[in-house]
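Working notes for the structure below.
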Amino acid sequence: FTSLRISSLNRHVKIHSDEKPHVCHLCLKAFRTATLLRNHVNAHTGTRPYKCSDCDMAFVTSGELARHRRYKHTLEKPFKCSICKYSSVEASKLKRHIRSHTGERPYACYLCSYASKDTCKLKRHMITHSGEKPYECYVCQARFTQSGTMKIHILQKHGENVPKYQCPHCSTFIARKSDLGVHLRNLHSYMAVAVKCSYCEAAFHERYALTQHKKTHRNEKRFRCDQCSYACKQ
DNA sequence: AATCACTAGCGCCCCCTGCTGGC
DNA sequence: GCCAGCAGGGGGCGCTAGTGATT
């Protein structure tokens, strides 16, 4: 460490000792400086001296306020990705983002082969091993592994006037957007090899068209005796 | 020496999205 | 088709630690 001022050096030298003379009277945690202790005690008591001039939020430190203002008001994002257009308020967010380009997964699960790009995802993954279901539906007390899963449960099961998604090709209504995706893939995607109807010579490149076609055979007497002219529907 | 603003860095929790597989 | 499990990408805040500048 080097510094222009002797006072900065004197202060710096102290970080190499364990000396932390300022102790919180509420939790006994110790700090190197009075300012750190004051911020810590303010966090205990909910004292937030730094008020945002554009909304109701308030913070313990000026740094927290500055960050909040970037997120909510100035929208300034100083950390730019060199590969794509992404930018972020915080350096750590850019770091996390860049892993989506590099594929780097530094956080490995010690119970399986999974590895994550950030610590939170690993933490979320770990509950798949514990079997824990931390989220409870306030209406029916059903339990869930992720908050988002619970949220969609509450919407679908207990919500009113829940919108449904209509298939653009066949007028089927489906509750979940992702299930519409499954529907489109399974029934409306183009199949390179046409599938033949099991009752006639017709062939289709789309599974939905095939099932619709098969319905036209419903009232036919499809099952014929090969010894005589007998035929029946079933 | 005390105090301020500022940066850096860890963590926590949430959101939305979309796929999977059992029913 | 409905449903819960589960992973990817990302937003926003809580808090601590250290440094430069000023009082």
Side-chain angles (χ1 to χ4, degrees), chain A residues 1-16 20 22 24 29-44 46 48-50 52 57-72 75 77-79 81 84 86-101 103 105 109 112 114-129 131-135 137 142-157 162 164-165 167 172-187:
Chain A
F1 177 78
T2 54
S3 175
L4 289 172
R5 298 158 207 278
I6 186 70
S7 63
S8 289
L9 177 62
N10 287 338
R11 186 177 59 179
H12 169 83
V13 167
K14 290 181 180 169
I15 73 169
H16 298 297
K20 292 180 175 180
H22 303 88
C24 172
K29 188 168 178 185
F31 298 88
R32 224 179 279 287
T33 70
T35 308
L36 275 174
L37 172 62
R38 194 196 53 213
N39 289 343
H40 171 84
V41 171
N42 281 347
H44 273 304
R48 291 158 178 249
Y50 295 87
C52 178
M57 294 289 282
F59 300 88
V60 172
T61 66
S62 62
E64 289 169 83
L65 173 59
R67 184 176 59 179
H68 159 80
R69 292 190 52 75
R70 285 196 182 122
Y71 270 121
K72 294 294 193 180
L75 307 182
K77 295 178 176 182
F79 300 94
C81 176
C84 71
Y86 176 82
S87 59
S88 65
V89 169
E90 298 176 78
S92 62
K93 298 294 186 285
L94 177 59
K95 239 173 135 178
R96 183 175 68 180
H97 164 82
I98 284 174
R99 291 196 192 108
S100 72
H101 289 304
R105 292 168 179 270
C109 173
C112 72
Y114 176 76
S116 157
K117 292 169 185 166
D118 68 275
T119 49
C120 290
K121 296 296 184 294
L122 178 60
K123 191 182 173 190
R124 186 176 70 178
H125 164 82
M126 292 314 290
I127 73 170
T128 71
H129 293 301
E132 190 193 356
K133 295 187 176 186
Y135 302 92
C137 169
R143 301 197 72 92
F144 302 88
T145 56
Q146 290 185 7
S147 63
T149 307
M150 178 184 71
K151 208 178 162 187
I152 190 119
H153 157 90
I154 290 174
L155 178 71
Q156 299 290 345
K157 289 275 190 147
V162 187
K164 284 205 165 200
Y165 298 90
C167 173
T172 305
F173 281 91
I174 296 172
R176 291 165 179 77
K177 200 179 172 185
S178 64
D179 282 333
L180 175 59
V182 174
H183 169 92
L184 289 172
R185 276 197 300 279
N186 289 343
L187 296 179

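Predicted model only: the values in this text are computed from it and were never measured. Here is how names work: the chains are called A, B, and so on, in the same order as the sequence lines, proteins then strands, and each is numbered from 1.
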Could you state the atom-to-atom distance from [atom1] of [X] to [atom2] of [N] in whole Å?
X	N	atom1	atom2	answer
A:Phe59	B:dT7	CZ	P	16 Å
A:Asn10	B:dA2	CG	C1'	14 Å
A:Asp118	C:dG10	CG	P	11 Å
A:Lys123	C:dA7	NZ	C1'	17 Å
A:Lys133	C:dC6	NZ	C1'	12 Å
A:Arg70	C:dC13	CZ	P	13 Å
A:Leu155	B:dC15	CG	P	13 Å
A:Leu94	C:dG10	CG	P	10 Å

Do [X] and [Y] make a side-chain contact, defined as non-hydrogen atoms from C-beta onward lying under 4.5 Å apart?
X	Y	value
A:Arg124	A:Ser116	no
A:Cys137	A:Lys157	no
A:His97	A:Ser88	no
A:Cys52	A:Lys72	no

As a test of reading the structure: which of [options] is closest to the side chain of [X], going by heavy atoms?
X	options	answer
A:His153	C:dG5, C:dG1, C:dA4	C:dA4
A:Glu64	B:dG18, C:dC15, C:dG1	C:dC15
A:Lys177	C:dG10, B:dG18, B:dT7	B:dG18
A:Thr145	C:dA4, C:dC6, B:dG11	C:dC6
A:Tyr114	C:dG8, B:dG18, B:dT7	C:dG8
A:Lys95	C:dC6, C:dC3, B:dC10	B:dC10
A:Arg176	B:dC12, C:dG12, C:dC2	C:dC2
A:Ile174	B:dT20, C:dG1, C:dC3	C:dG1
A:Val60	B:dT7, C:dC15, C:dG9	C:dC15
A:Ser100	C:dG10, B:dT3, C:dT16	C:dG10

Base, sugar-phosphate or nothing for [X]? Non-hydrogen atoms, less than 4.0 Å.
X	result
A:Thr35	nothing
A:Arg69	nothing
A:Ala91	nothing
A:Thr33	nothing
A:Gly63	base
A:Tyr71	base
A:Val182	base
A:Arg185	sugar-phosphate
A:Tyr135	sugar-phosphate
A:Thr172	sugar-phosphate
A:Arg32	sugar-phosphate
A:Lys14	nothing
A:Lys151	sugar-phosphate
A:Met57	sugar-phosphate

Please determine whether a side-chain nitrogen or oxygen atom of [X] lies at a distance below 4.0 Å from atom OP1 or OP2 of [N].
X	N	answer
A:His12	C:dT19	yes
A:His183	C:dG1	yes
A:Lys157	C:dC2	no
A:Arg48	C:dG14	yes
A:Arg67	C:dC15	no
A:His40	C:dT16	yes
A:Arg143	C:dA4	no
A:Ser147	B:dC15	yes

Taking donor-acceptor contacts at under 3.5 Å, does the side chain of [X] reach the base of [N]?
X	N	result
A:Arg96	C:dG11	yes
A:Gln146	C:dA7	yes
A:Lys121	C:dG9	yes
A:Asn39	C:dC15	no
A:Arg11	B:dT3	yes

- Item | Shortest non-hydrogen contact from A:Thr145 toward A:Lys133 |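 That closest heavy-atom pairing would be CG2-CG, 4.1 Å.
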- Task: For A:Leu37 and A:His22, work out which heavy atoms get closest and say how close.
- Result: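 Closest heavy-atom pair between A:Leu37 and A:His22: CD2-CB, 3.8 Å.
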- Starting from the 5' end of DNA chain C, give me the residue, A:Glu90 or A:Cys84, whose nearest nucleotide shows up first.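 Going by which nucleotide is closer to the 5' end, it is A:Cys84.
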- Message: When you measure from the side chain of A:Arg32 to the backbone of A:Lys14, do you find a donor-acceptor pair of N or O atoms at a distance under 3.5 Å?
- Response: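 Checking the backbone N and O of A:Lys14 against the side chain of A:Arg32, a donor-acceptor pair under 3.5 Å is found.
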- Query: Where does the angle between the aromatic ring planes of A:Phe31 and A:His40 fall among parallel (under 30°), tilted (30 to 60°) and perpendicular (over 60°)?
  - Reply: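 The arrangement is tilted - the two ring planes meet at 30° to 60°.
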- Query: Using the ring of each side chain (for Trp, its six-membered ring), is A:His68 parallel, tilted or perpendicular to A:Phe59, with breaks at 30° and 60°?
  - Reply: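 Ring orientation, 0 to 90° scale: tilted.
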